[in-house]
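A short worksheet on the structure shown next.
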Amino acid sequence: MNRFVAKIIFLSGRKYKLMKKKAFKVATASAIAASAFVAAAPAQTDAASNVAVEVSKAVTQMKKAYHTYSDITASGEFQDLTVVYKEYNAAKVAYNNAKALVKQAGGSMQAAYEAQLDVTYNDYIAKRVITYIDAYNYAVTLDAKRESLEAALTAKNWDAAEKLYHEISYELKTRTVILDRVYGKTTRELLRGEFKADAQDARDSIAVEVTVKMALDVAAKELAEKDLSAAKAALDKAAECW
């Protein structure tokens with residue numbers, strides 16, 4: 001073998017070793033990358049699963065907040081409002097936490113999850129729970145005025161009774177619409193029957209007495225001012241009511 005051929009054989013062997021070494025490095029890198037992918041895949045799957053679980057829990061809690069009182073009013077009773085508030089506040093926390101988690105996770109399901117959360121919140125919390133809480137709180141305030149009116153009548157405090165008569169009249173005319181906004185016919189009718197109807201009955205029961213009192217007050221004022229004609233007109237009005 002001459003020197004030229006020997007050199008070619010040497011160079012070829014060296015090239016083969018370099019190629020083999022490079023191939024080993026590539027194979028090693030590929031193996032490491034594949035291992036990293038396999039390791040990351042379960043983590044990504046777990047994260048996606050966790051988002052789905054939190055969204056489901058939030059949806060369930062929002063519906064629970066509604067059924068906390070609606071299942072009770074369906075039987076003609078009222079749920080303790082502190083219990084309603086507890087479930088309502090839990091629903092808000094669950095909704096906000098789920099929204100934040102969905103946003104952080106991103107992914108192809110982000111828009112669908114956000115839509116599911118928002119639709120459920122608007123339907124069960126904004127439309128149902130919040131309007132019920134507002135209506136119930138208002139109804140309790142209205143009922144307190146009714147009780148005050150009945151107490152004034154018992155004490156024969158006609159000045160207080162007249163004042164409450166007008167306050168309740170104003171409520172019935174302008175504000176009890178809040179009861180009409182409550183979701184669910186059974187719940188609306190229960191609120192109206194339990195609070196609005198009672199307030200209206202109490203107000204109507206002294207409508208004549210209040211009218212007469214107001215006329216007599218005017219007559220007394222006109223007499224004090226020596227306006228006998230106006231005083232007589234007020235007395236005539238009082239007499240007509242009887």
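What you see is a predicted model, and the numbers here were worked out from it, not measured in a lab. Values below: every heavy atom of this structure, side chains too, minus hydrogens, waters and symmetry copies.
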Output yes when a side-chain donor or acceptor of [X] lies under 3.5 Å from a complementary backbone atom of [Y], and no otherwise.
X      : Y      : result
Gln61  : Glu87  : yes
Thr120 : Gln116 : yes
Asp143 : Ala139 : no

What are the two closest heavy atoms between [X] and [Y], and how far apart are they?
X      : Y      : answer
Asn122 : Ala126 : O-CB, 3.6 Å
Ala91  : Ile125 : CB-CD1, 3.9 Å
Ala197 : Gly193 : CB-O, 3.7 Å
Gln110 : Lys103 : NE2-CA, 3.9 Å

Does the side chain of [X] reach to within under 4.5 Å of the side chain of [Y], using non-hydrogen atoms?
X      : Y      : answer
Leu101 : Asn97  : no
Leu81  : Tyr132 : yes
Leu153 : Trp158 : yes
Thr73  : Leu191 : no
Arg128 : Asp123 : yes
Leu117 : Met62  : yes

Asp118 and Lys99: CA distance, side-chain angles, deciding distance, side chain to side chain contact (heavy atoms under 4.5 Å, CB included) verdict:
CA-CA 9 Å; Asp118 290 341; Lys99 285 272 286 189; 3.1 Å; yes
Hey, any chance [X] and [Y] share a hydrophobic cluster, counting ILVMFWY side chains that come within less than 4.5 Å of each other, even indirectly?
X      : Y      : result
Tyr183 : Leu190 : yes
Val182 : Val140 : yes
Phe78  : Tyr85  : yes

Calculate, to the nearest 0.5 Å, the distance between atoms [atom1] and [atom2] belonging to [X] and [Y] respectively.
X      : Y      : atom1 : atom2 : answer
Glu54  : Tyr113 : CD    : OH    : 11.5 Å
Leu179 : Asp134 : CG    : CG    : 11.0 Å
Thr141 : Phe195 : OG1   : CZ    : 10.0 Å
Ile130 : Arg181 : CD1   : CZ    : 13.5 Å
Ile206 : Leu149 : CD1   : CG    : 4.5 Å
Thr176 : Ile168 : OG1   : CD1   : 12.0 Å

Show your working on ring-ring contact (aromatic ring centres under 6.0 Å, His included) between Tyr95 and Tyr124 and close with a plain yes or no.
CA-CA 12 Å; Tyr95 167 77; Tyr124 282 87; over 10 Å; no
Considering residues, nucleotides and ligands other than Glu77, do more than 12 of their heavy atoms fall under 6.0 Å from its CD?
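Counting neighbours around CD of Glu77, 12 or fewer heavy atoms of other residues, nucleotides or ligands fall under 6.0 Å, so no.
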Would the number of heavy atoms belonging to other residues, nucleotides or ligands and lying under 6.0 Å from NZ of Lys92 be above 12?
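Atom NZ in Lys92 is packed in, count exceeds 12.
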Regarding Glu171 and Tyr138, do their side chains bring together a donor and an acceptor under 3.5 Å, going by distance alone?
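Side chains of Glu171 and Tyr138: pair found under 3.5 Å.
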Taking only residues at least two apart or on different chains, which pairs with a member in residues 189-203 satisfy side-chain hydrogen bond (donor to acceptor under 3.5 Å, both in side chains)?
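Passing the test, one end in residues 189-203: Ser169-Arg203, Asp180-Arg192.
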Relative to the ring of Tyr69, is the ring of Tyr66 parallel (under 30°), tilted (30 to 60°) or perpendicular (over 60°)?
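Ring orientation, 0 to 90° scale: perpendicular.
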